[in-house]
Number of protein chains: 2
Amino acid sequence: MRYHKVPDETIRRLPVYLRGLCSFPNDGSRSISSQQLAEVLHVKSPQVRKDLSYFGDIGTPGVGYDIQKLKKHIRTILRLNNTHCAALIGYGNLGAALLKYTGFKTFCVEISAVFEINPRKIGRVVQKIKIEDVSNISSLRKRGISVAILAIPALESQDVTDKLIDAGVGGILNFTPSYLSAPTNVKVVNIDIGVSLACLPYYLPVGA
Amino acid sequence: MRYHKVPDETIRRLPVYLRGLCSFPNDGSRSISSQQLAEVLHVKSPQVRKDLSYFGDIGTPGVGYDIQKLKKHIRTILRLNNTHCAALIGYGNLGAALLKYTGFKTFCVEISAVFEINPRKIGRVVQKIKIEDVSNISSLRKRGISVAILAIPALESQDVTDKLIDAGVGGILNFTPSYLSAPTNVKVVNIDIGVSLACLPYYLPVGA
DNA sequence: TTAGGTCTGTGAACGAGAACTCAATCACGA
DNA sequence: TCGTGATTGAGTTCTCGTTCACAGACCTAA
């Protein structure tokens, strides 16, 4: 693993590769070429090779990539070998949907704690998880939870973010429409649903 | 408006600018400089100027941008002047949350139709909207709905997408974890929640 | 009317990432 | 053992978008 800096875009594609591999017919051929993988995922084959080459020699020339080995390799790179526990902050409409969302399983991530500010929701048990007060966020460090999903109103987002950072959280998936200020060693990934939707009309044909 | 091609990234930032402007104190100063705007939105000021300059001379040198005029201008560019109606496909956990989501209002987009494949849900009325069968998607054209939000299982995503395209839909917000094949005149914006979350552990400090 | 300060618009430099290309490597069969 | 076909890994080129820097436009005030 020569240590050039790996582009963020590459990291973002790795889960896509992983999911593609998981849905690949496991029986039959044990190997897959960059071209085959590229076709399934709708990217270019040099892209696949370049992405994977950042992490050392994974494939074998003339053959391709061993499917099982590649899956394991990507999981190791992304640190998805053992199940990661995540905290969900905000049990509103979106929060409730995210808690039930099944798409995290592929990536060995599991929501194991839920926090709320609304006293009427605190204490309720949902999906076997007891909703806690946001003041309990400080306990995340000793519980070994270092990833958080933020699904609360914009107004409180920075306050809660500060609490999360204090509690040792190193990665935040931000569904709020606000910019979150955080130290460089904390990774924030933003999902701005409103903005994503607002872009669409621009691309509509002029008549519509 | 000299017609150089506008980068997608610029289009994506425009809604962010718009939201920033909306939350700006309307009273007092009527103008805002690129630097002020940049500070609020956490981007660089040349970026703001460049983005806006793609669409002609909007600001006035020595003064800045007239807030009201700029808002109107961005809305015009993004075609958000009059309310856009969108169709929601899939009333599962996520779909239900999206229907209640209030973040679309800022951008004058409103969900005005809901479709489902599950017969037990069809006919129910939610948020004043009657859930329809997916076969009704073909009626979207004459109803003037050209934007769709896709929140269904991955398996059916391409089928439904084809139906949407047949019905004249020109923009799709895709929450499914699948690649959607669509003609170039149809814009697909992907939100892959699983992938976004799966990226986070990579950035955690090595001990965690 | 003019001088000075402010801020935009834009061409040019810069940088990051994607695509291309090809030498090096491997499996396999003769 | 050697030759052939397939495929990777990585250096190079290309493309796109961001940042920079400055000329020119505008406002204000004297």
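Throughout, a chain's letter reflects where its sequence line sits, starting with A, and its residues are numbered from 1.
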Pick out the pairs of N or O atoms, protein on one side and nucleotides 21-24 of chain C on the other, that lie under 3.5 Å.
| unit_1 | atom_1 | unit_2 | atom_2 | d |
| --- | --- | --- | --- | --- |
| C/dT21 | O4 | A/Arg49 | NH2 | 3.3 |

Considering only nitrogen or oxygen atoms on both sides, find all protein atoms under 3.5 Å from nucleotides 16-18 of chain C and state each distance.
| unit_1 | atom_1 | unit_2 | atom_2 | d |
| --- | --- | --- | --- | --- |
| C/dA18 | OP1 | A/Arg13 | NH1 | 2.9 |
| C/dA18 | OP2 | A/Arg13 | NH2 | 3.0 |
| C/dA18 | OP2 | A/Gln47 | NE2 | 3.3 |

Completion exercise
With five pairs defining each end axis, the helix from C/dT1-D/dA30 to C/dA30-D/dT1 comes out bent, to 10°, by 0°
Exercise for the section: Please check if any side-chain donor atom of B/Arg49 sits under 3.5 Å from a side-chain acceptor atom of B/Ser53, or the reverse. Expected result: no
Practice task
Give a yes or no answer on whether the side chain of B/Gln158 reaches the backbone of B/Ser181 with a donor-acceptor pair at less than 3.5 Å.
Solution key: yes
Exercise for the section: Take the protein atom CZ of A/Arg30 and the nucleotide atom C1' of C/dA27, then report the distance between them rounded to whole Å. Expected result: 17 Å
Exercise for the section: Can you establish whether the number of heavy atoms outside B/Lys121 located under 6.0 Å from its atom NZ is more than 12? Expected result: yes
Problem - Between P of D/dG9 and CD1 of A/Ile58, the distance in whole Å - result: 7 Å
Exercise for the section: Kindly say if A/Tyr65 contacts the phosphate of D/dG9, meaning a side-chain N or O under 4.0 Å from OP1 or OP2. Expected result: yes
Practice task
Pick base, sugar-phosphate or nothing for B/Leu52, based on heavy-atom distances below 4.0 Å to the nucleic acid.
Solution key: nothing
Exercise for the section: Using whole Å, report how far CG of B/Asp57 lies from P of D/dG24. Expected result: 15 Å
Problem - Aromatic ring pairing B/Phe55/A/Tyr202, orientation class (parallel under 30°, perpendicular over 60°, tilted between) - result: perpendicular
Exercise for the section: Ignoring backbone atoms, test whether B/Ser34 places a side-chain nitrogen or oxygen under 4.0 Å from the OP1 or OP2 oxygen of C/dT8. Expected result: yes
Practice task
Please report, rounded to the nearest Å, how far the P atom of D/dT18 is from the CZ atom of B/Arg12.
Solution key: 12 Å
Problem - Protein-nucleotide distance (A/Asp66, atom CG; C/dC26, atom P), rounded to Å - result: 16 Å
Problem - Note: B/Lys72-B/Asp66 ion pair, threshold 4.0 Å (strictly below) - result: no
Handout entry: Electrostatic pair A/Arg12-B/Asp192, nearest N-O below 4.0 angstrom
Key = no
